[in-house]
Amino acid sequence: MNQGDQGTTRSRTTDRGYDAVGQPHGLDPDDGARGDGAGPSAGWWRGAVGGVLAALAGLAVGSVVAGLLGTRLTPVVAIGSAFIDRVPPWLKDLAIAWFGTNDKTALRVGILGVLLVLAAFAGVLAVRRYWAGALVTVVLVGLAVVAAATRPDSGQTGFVPSMVAGITALFVLRLFSRRLEPLLDAPDDSVSRRGFLQLSAGVAIGSAAIGALGRVLGGNRAAVAEAREGLNLPKPPTLDAPAGVQADGATSWVTSNADFYRIDTALSVPQILPSDWKLRIHGMVDRELELTFDDLLRRQVVHKWVTLTCVSNEVGGDLIGNALWSGVLLKDLLQEAGPAKDADAIQSMSKDGFTAGTPLSTLLDDRQSMLAFAMNGEPLPVEHGFPVRIVVPGLYGYVSATKWLTDIEVTRFDRFEAYWTPRGWSELGPIKLSSRIDVPRSKAEPGQVTVAGVAWDQHVGVSKVEVRVDGGPWQQATLAADASIDTWRQWHWSWDAPRGNHVLQVRAFDAKGNPQVEASAPPAPNGSTGLHTVDVKIG
Ligand SMILES: Nc1nc2c(c(=O)[nH]1)N[C@H]1C(S)=C(S)[C@@H](COP(=O)(O)O)O[C@H]1N2
Ligand SMILES: [Mo]
């Protein structure tokens with residue numbers, strides 16, 4: 001801009017008004033001297049607007065690409081995540097002290113703010129020298145790309161949204177610098193000014209539309225992933241396994257969220273923002289309840305180890321996992337709603353239409369059935385029901401463990417059929433006593449071999465486990481400590497293993513001394529039975 005413009009005063013014109021006041025169309029640079037309408041400051045703000053719009057266009061396109069790729073790593077998330085990993089603890093504490101549970105939101109807003117200020121700066125530079133603005137953009141994009149590529153959940157393509165966002169921003173920045181260049185020499189040129197306005201409007205509207213598309217394509221995935229990361233939920237006092245629950249060699253007592261089996265009918269996982277989540281408890285109740293996620297967090301929170309099991313688990317299968325669940329007792333909520341005397345069930349419903357029918361008695365007794373929002377100290381993973389699911393100790397998942405929960409109707413079993421009932425599965429699904437050999441699974445060296453595994457009979461408890469070799473006498477295994485009757489129990493047995501091919505079998509007894517059913521039965525209609533049998537080659 002022409003510095004000679006400074007200090008002159010003329011009647012203010014606007015982009016729409018210049019013709020009306022009869023200004024010549026800016027062939028003389030001095031004619032551009034009119035406050036915010038033209039002149040150097042006008043060049044700055046137009047450049048800044050161009051830079052900001054270029055960045056927003058890039059971010060919008062980046063969100064579409066992230067949605068298409070199914071990654072949460074938009075440029076802002078990538079930079080923000082890298083930042084979180086690197087902030088010193090005192091700064092993290094300060095952020096939490098200042099912003100509380102909104103610290104992650106504050107960080108996102110902060111990063112976006114800094115990004116847009118730098119983008120504005122790039123835009124101002126680009127008016128005169130495109131390459132200078134481009135250089136600033138390239139540095140920012142480089143940061144985002146590196147941040148994204150080095151995330152643990154980056155995969156092969158995590159950097160792509162940031163890369164495409166950068167290319168888009170550079171392209172749009174070039175469009176703006178082209179448009180604004182003529183205005184350097186002719187600040188008042190109506191065609192150029194109109195061109196700038198049209199470009200700005202076009203980019204703004206386009207970015208908004210593309211950003212909306214990004215949300216739809218991503219099925220809200222990125223937004224939900226961010227919201228999930230941003231939650232600060234009540235933490236369990238400890239994540240440590242209770243003392244003595246782990247037997248030598250057996251599968252880990254706690255199943256990590258990443259390793260936890262996943263069973264559901266959801267082709268694409270429902271994406272629910274905690275801020276959108278609502279639960280209605282209605283039907284045969286005195287008072288209907290409606291709860292938001294915040295309402296839930298304001299209530300008394302319980303943390304409880306529960307072993308979840310799928311009815312489809314074959315003997316010896318791995319559709320079973322043990323986690324520390326955090327949530328709110330269903331008993332409290334249901335009692336608040338006041339179930340009718342003749343109600344005997346709830347029908348819980350998922351966002352995706354899945355339903356489960358659960359006996360009211362199992363929700364009102366002392367087993368601490370809950371609305372869970374956290375799993376092993378983390379917000380529920382999205383595929384495990386984020387933001388809220390049901391966990392009922394002692395029942396198979398298909399009759400109880402509704403993920404992406406949105407609705408609970410207090411009712412009677414003779415008034416509805418839950419999802420799996422007309423599909424050949426029993427209305428009631430208490431978990432069956434069972435046991436599994438985890439090691440060895442196929443071979444071992446001769447000598448002392450640890451045979452170990454898990455046994456479970458949730459909400460009844462396991463009192464004894466026995467192992468036999470080649471159909472010989474049953475031998476008593478050592479049980480690890482029992483955390484509660486609602487979790488699996490580890491066991492181990494030391495075997496002096498001779499060379500050759502052998503057959504190992506295991507059986508468990510429940511808390512009342514009943515042995516598990518030895519006759520083989522398939523999972524349908526209400527859970528498999530039979531003894532886990534493993535062929536091992538020694539030597
Ligand atoms: N919304 C919904 N919730 C659901 C299901 C489902 O298909 N949809 N499957 C149930 C079944 S059969 C089981 S065994 C458990 C499994 O929970 P997980 O995937 O967290 O292990 O979720 C239950 N909750
Ligand atoms: Mo299941």
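The basis for the numbers below is simple: all heavy atoms, side chains too, and nothing from hydrogens, waters or symmetry mates. Just so you know, ligand 1 is whichever comes first in the structure, and atom 1 is the first atom listed for that ligand.
Here CG of L291 is found 7.5 Å from CG of L371. Values are rounded to the nearest 0.5 Å.
The option from Y396, F354, W404, Y261 that lies nearest to atom 14 (S) of ligand 1, judged by heavy atoms, is Y261. Among P270, A323, G353, A401, the residue whose heavy atom lies nearest to atom 23 (C) of ligand 1 is A401. Around atom 12 (S) of ligand 1, the closest heavy atom drawn from Y398, Y419, F260, W425 belongs to Y398.
Backbone and side-chain nitrogen or oxygen atoms of D264 are examined, and none is located within less than 3.5 angstrom of a nitrogen or oxygen of ligand 1. At under 3.5 Å, a nitrogen or oxygen of H384, whether backbone or side chain, sits near a nitrogen or oxygen of ligand 1. Below 3.5 Å of separation, one finds no N or O of R262 facing any N or O of ligand 1.
If you look at D352 next to ligand 1, the close heavy atoms, those under 4.0 Å, all belong to the side chain. At a 4.0 Å heavy-atom cut-off, ligand 1 does not touch K351 at all.
Every atom of ligand 1 is numbered from 1 in the order shown, and the set under 4.0 Å from a heavy atom of S350 is 1 (N). Per-residue contacts place R389 under 4.0 angstrom from the following atoms of ligand 1 (heavy atoms of the residue considered): 15 (C), 16 (C), 17 (O), 18 (P), 20 (O), 22 (O). Close approach of ligand 1 to C310 (heavy-atom distance below 4.0 Å) involves ligand atoms 14 (S). Of all atoms in ligand 1, listed by their number and element, those nearer than 4.0 Å to a heavy atom of T402 are 3 (N), 24 (N).
Ring orientation note: the planes of W420 and W425 are nearly perpendicular, at an angle over 60° on the 30°/60° scale. Taking the six-membered ring where the residue is Trp, F293 and F373 present perpendicular rings, their angle passing 60° and hence far from 30°.
Scored by the side-chain contact (heavy atoms from CB on, under 4.5 Å) test, L112 finds L59, V76, L116 as partners (sequence neighbours excluded).
Pairs of residues two or more places apart, or lying in two chains, that qualify as ring-ring contact (aromatic ring centres under 6.0 Å, His included) and include a residue from residues 295-347 are W253-W305, F260-W325.
At least one donor-acceptor pair closer than 3.5 Å links the side chain of K432 to the backbone N or O of G527.
Using modelled atom types and a 3.5 Å distance limit, the side chains of R468 and Q505 yield a donor-acceptor pair. Between the side chains of Q490 and Q246, at least one donor N or O sits under 3.5 Å from an acceptor N or O.
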